[in-house]
Amino acid sequence: MGTWTLGVIGGSGLYGIDSIENGRWESVASPWGQPSDQVYRGQMDGVEVVFLPRHGRGHSISPSYLNYRANIDVLKRCGVTDILSLSAVGSLREDYKPGDFVMVDQFIDRTFAREKSFFGQGVVAHVSMAHPVCERLAHMAAEAADMLDVTVHKGGTYLVMEGPQFSSLAESKLYRQWGCDVIGMTNMPEAKLAREAEMSYATIAMVTDFDCWHEEEDHVSVTNVLEVLKGNADLGRGTVLNLIKMMAVVDRTPSPQGIETGLDFAIITPPEARDEEALSKLDAVAGRVLKCQ
Ligand SMILES: CSC[C@H]1O[C@H](OP(=O)(O)O)[C@H](O)[C@@H]1O
Ligand SMILES: Nc1ncnc2[nH]cnc12
């Protein structure tokens, strides 16, 4: 039996987390470059918690410029087992309304200007992304949110666009036709990298707008996103606190989806062909299988 270390990636409007005992901001170095910010580390009810503001505390890094690899690497270095992302999204359907939470279970990755893998050169690996979300963590987070006064939709496909501009009307309509439920700019490659680093990942998508497809509602703007987030950022934080309380009373068993052993059958480069420099950068992410220090 193991223990949980919860990593929380706070998105737009969520730059800190209270109620963490002995909480302190700490710098964690990564061979993948600069993460978005320091991490805020502490405990609550005996559970280790590591918070990282995705865009930095001053929201100064836009989605295309985030160093997703460094962010995931530093969480791995902090011993994080499970990552909960809190993200603002636009809704692509009538019944997912601003203020609602959506427990995303699938992604469509339409981003094109980001580093998406730890295994690009020198050591090649291919992990499965068939089920990109940790079902157990998503289920627990949904239960944690259900304890609060918020509508929680269990399931949804999140279309990840490059941004930073919002979608055109034609794009918004196309994504609706594809059966996507919500749209945002950040959860890929985050979820892919978490999977490569053998950490569970789930996201609570906080609906802030109807993008631009809805004929009777305002089109998305930063102003209306922040307005909604002002009202429900506390519900996001409350969900995290409830989740921590749940984690405090159950041992962590290995993921039924085999997430902590995802690299066992993923690396294709034989040991004799692996590049030393690449190996050294993979010490945290893949040290378990590559036996590098
Ligand atoms: C401020 S609106 C657009 C911005 O909000 C979302 O970010 P996050 O997922 O970090 O909450 C969206 O993906 C965009 O980056
Ligand atoms: N409509 C939208 N499109 C992309 N990212 C968003 N974040 C919040 N609302 C969004």
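For ligands, and for the atoms within them, numbers begin at 1 and follow the listed sequence. These values consider heavy atoms only, across backbone and side chains, with no hydrogens, waters or symmetry-generated copies.
- With a 4.5 Å cut-off on side-chain heavy atoms, V104 and V182 count as touching.
- Per-residue contacts place G184 under 4.0 angstrom from the following atoms of ligand 1 (heavy atoms of the residue considered): 13 (O).
- Where the criterion is an N or O separation shorter than 3.5 Å, residue side chain and backbone included, M185 meets it with respect to ligand 1.
- Residue M161 approaches ligand 2 through these ligand atoms, each under 4.0 Å from one of its heavy atoms: 4 (C).
- Contact annotation for P63 and ligand 1: only side-chain heavy atoms (C-beta onward) come within less than 4.0 Å of the ligand.
- Looking at D109 and K116, their side chains come closer than 4.5 Å, going by heavy atoms from C-beta outward.
- Summarising the hydrophobic clusters (Ile, Leu, Val, Met, Phe, Trp, Tyr; side-chain heavy atoms under 4.5 Å, direct or chained), the residues clustered with V249 are none.
- In this structure the side chain of T3 never reaches within 4.5 angstrom of the side chain of R252, judged on heavy atoms.
- Of the polar atoms of H59, none of the N or O atoms is found under 3.5 Å from an N or O of ligand 1, judged by distance alone.
- Polar contact with ligand 1: present for A88 (N/O pair, distance under 3.5 Å).
- When each atom of ligand 2 is checked for a heavy atom of D211 under 4.0 Å away, the hits are 1 (N), 2 (C), 3 (N).
- In summary, the atoms of ligand 2 found under 4.0 Å from a heavy atom of M185, numbered by their order in the structure, are 4 (C), 5 (N).
- Here the side chains of S255 and R136 are in contact, with some heavy-atom distance below 4.5 Å.
- If you look at R54 next to ligand 1, the close heavy atoms, those under 4.0 Å, all belong to the side chain.
- Near D209, meaning under 4.0 Å from one of its heavy atoms, ligand 2 places the atoms 1 (N), 2 (C), 8 (C), 9 (N), 10 (C).
- In this structure, R69 contributes its side chain and F118 its backbone to no donor-acceptor pair below 3.5 Å.
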Name every donor-acceptor pair, under 3.5 Å, that has one atom in a side chain of residues 12-23 and the other anywhere in the protein, sequence neighbours excluded.
{"unit_1": "Y15", "atom_1": "OH", "unit_2": "G13", "atom_2": "N", "d": "2.9"}
{"unit_1": "Y15", "atom_1": "OH", "unit_2": "H59", "atom_2": "ND1", "d": "2.7"}
{"unit_1": "N22", "atom_1": "ND2", "unit_2": "Q43", "atom_2": "OE1", "d": "3.1"}

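- The ligand atoms of ligand 2 that sit less than 4.0 angstrom from a heavy atom of T208 are 8 (C), 9 (N).
- For ligand 2, the atoms lying closer than 4.0 Å to a non-hydrogen atom of A88 are 7 (N), 8 (C).
- Looking at atom 10 (C) of ligand 2, its nearest protein heavy atom turns out to be G90 N, 3.5 Å.
- Annotation: cation-pi geometry not satisfied between R110 and W178 (NZ/CZ under 6.0 angstrom from ring centroid, within 45° of ring axis).
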